[in-house]
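Start at 1 and go down the list; that is how both ligands and their atoms are numbered. Both backbone and side-chain heavy atoms feed into the values below; hydrogens, waters and symmetry mates do not.
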Amino acid sequence: MKKCVTIIVPCYNEQDVLEVCYASLEQLMRDNDGYDWEVMLVNDGSTDDTLKIIKSLADRDSRVQYVDLSRNFGKEAAMLAGMDYAHGDCVIEVDADLQFPPDVIPAMLERWEHGYADVYGRYTSRTSESVARRLLTRLFYRMLRAASRFEVVPGVGDFRLLDRKCVDALRSLREQQRYTKGLYDWIGFSKSEVTFDKAERVAGRSKYSLRELFALAFDGLTSFTTAPLRIAIVGGVAISLGAFLYMLYFLIKTLIYNDPAQGFPTLIVVMLFLGGVQLLSLGIIGEYVGKIFNETKNRPVYFVNGSSTTPHDTTTR
Ligand code: UDP
Ligand code: MG
């Protein structure tokens, strides 16, 4: 029996690229007819004609399925929805804008056939992105690597092939603030890498502004490690120790050398400094408390407005 491969494509306002995307996936499926293919288009609350195009594609080609989310839940949620509805023995995640070239997919499948459960694409160039974005990305990865024991490889995005067991593992993690890049690593399983050149977006524009990327990075850090809390502790200890030494210094100066300290400027500086540090630490704690607050509500990650197929199974949900 042929193995079934599901390609998941999250789509948010992608009316300009969907046809091109489908055409190249169609080509891929034609060239690799040793597999049964399923294309899972997830409409992530688009406000343009994306859903209409998706539906017409599904009418045209029986391999195309779709899930229509009730609003824009973000790419991470859209991908989870795709995984819930995917029926394949493995799934491959691609972006609608074809920045992840489908011609790498056969190489991924080959790795999968060799027994790897998680074959990720790593891009070798980032030419299409601004210097600021590249710098920030680098900084973020360095911070994340320093902060957690998980190896989140730079240059690795969501372009990857996941075996059914990885998919089921990811589906069992129903957390709200999904930082999927970290989750891939967290679930484990045998990994393999293929490299590719990241292409320019075929049309339309990136859905992420620099600000959103920043928020995403911050979320990634705080939802994946508790290191910032530890930094607050270390900072607190260091400052207390400094303050203690400073106190000794003044004590000695006053008692032994009979030289009373000039109070006001030193006092105000120390107070402001400590106040700042305390607020910062509170802020960090607050960030985590906020996450706990959101997570304890235990809301579903997404809602579905309509779909052309049923979820794969409900045991892991
Ligand atoms: N996307 C999504 N929901 C969102 C934002 C993006 O489903 O809220 C999809 C988008 O349609 C695309 C993929 O995620 O298929 C990557 O988005 P984009 O190309 O804008 O990101 P970039 O390549 O700039 O990181
Ligand atoms: Mg893109």
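- No option in Val5, Ile7, Thr6 other than Thr6 meets the side chain to side chain contact (heavy atoms under 4.5 Å, CB included) test with Glu38.
- Short contacts between ligand 1 and Glu14, defined as distances under 4.0 Å to a heavy atom of the residue, involve ligand atoms 10 (C), 11 (O), 12 (C), 15 (O).
- Annotation: side chain of Leu25 is in contact with side chain of Val9 (closest heavy-atom distance under 4.5 Å).
- Atom CD1 of Ile187 and atom CG of Leu162 lie 6.5 Å apart (nearest 0.5 Å).
- With hydrogens and angles left out, the side-chain atoms of Ser308 and Gln65 include a donor and acceptor closer than 3.5 Å.
- Annotation: Pro10 places an N or O atom under 3.5 Å from an N or O atom of ligand 1; distance criterion only.
- Within the 4.0 Å heavy-atom criterion, both parts of Lys75, backbone and side chain, lie near ligand 1.
- Outside the 6.0 Å centre-distance limit, the rings of Tyr85 and Tyr66 are not counted as a close aromatic pair.
- Judged purely by distance below 3.5 Å, without hydrogens or angles, the side chains of Ser56 and Asp59 never pair a donor atom with an acceptor atom.
- Annotation: side chain of Tyr22 is not in contact with side chain of Ile53 (no heavy-atom distance under 4.5 Å).
- Near Ala96, meaning under 4.0 Å from one of its heavy atoms, ligand 1 places the atoms 15 (O).
- In summary, Asp95 places no N/O/S atom under 2.8 Å from the Mg ion (ligand 2), failing the contact criterion.
- Each of the atoms 3 (N), 4 (C), 8 (O) of ligand 1 lies under 4.0 Å from some heavy atom of Asn72.
- The proximity of Asp44 to ligand 1, defined as any non-hydrogen pair under 4.0 Å, is limited to the side chain.
- Within Asp97, the N, O or S atom at minimum distance from the Mg ion (ligand 2) carries the name OD2.
- Close contacts of ligand 1 with Asp95, meaning ligand atoms under 4.0 Å from a residue heavy atom, involve 13 (C), 15 (O), 16 (C).
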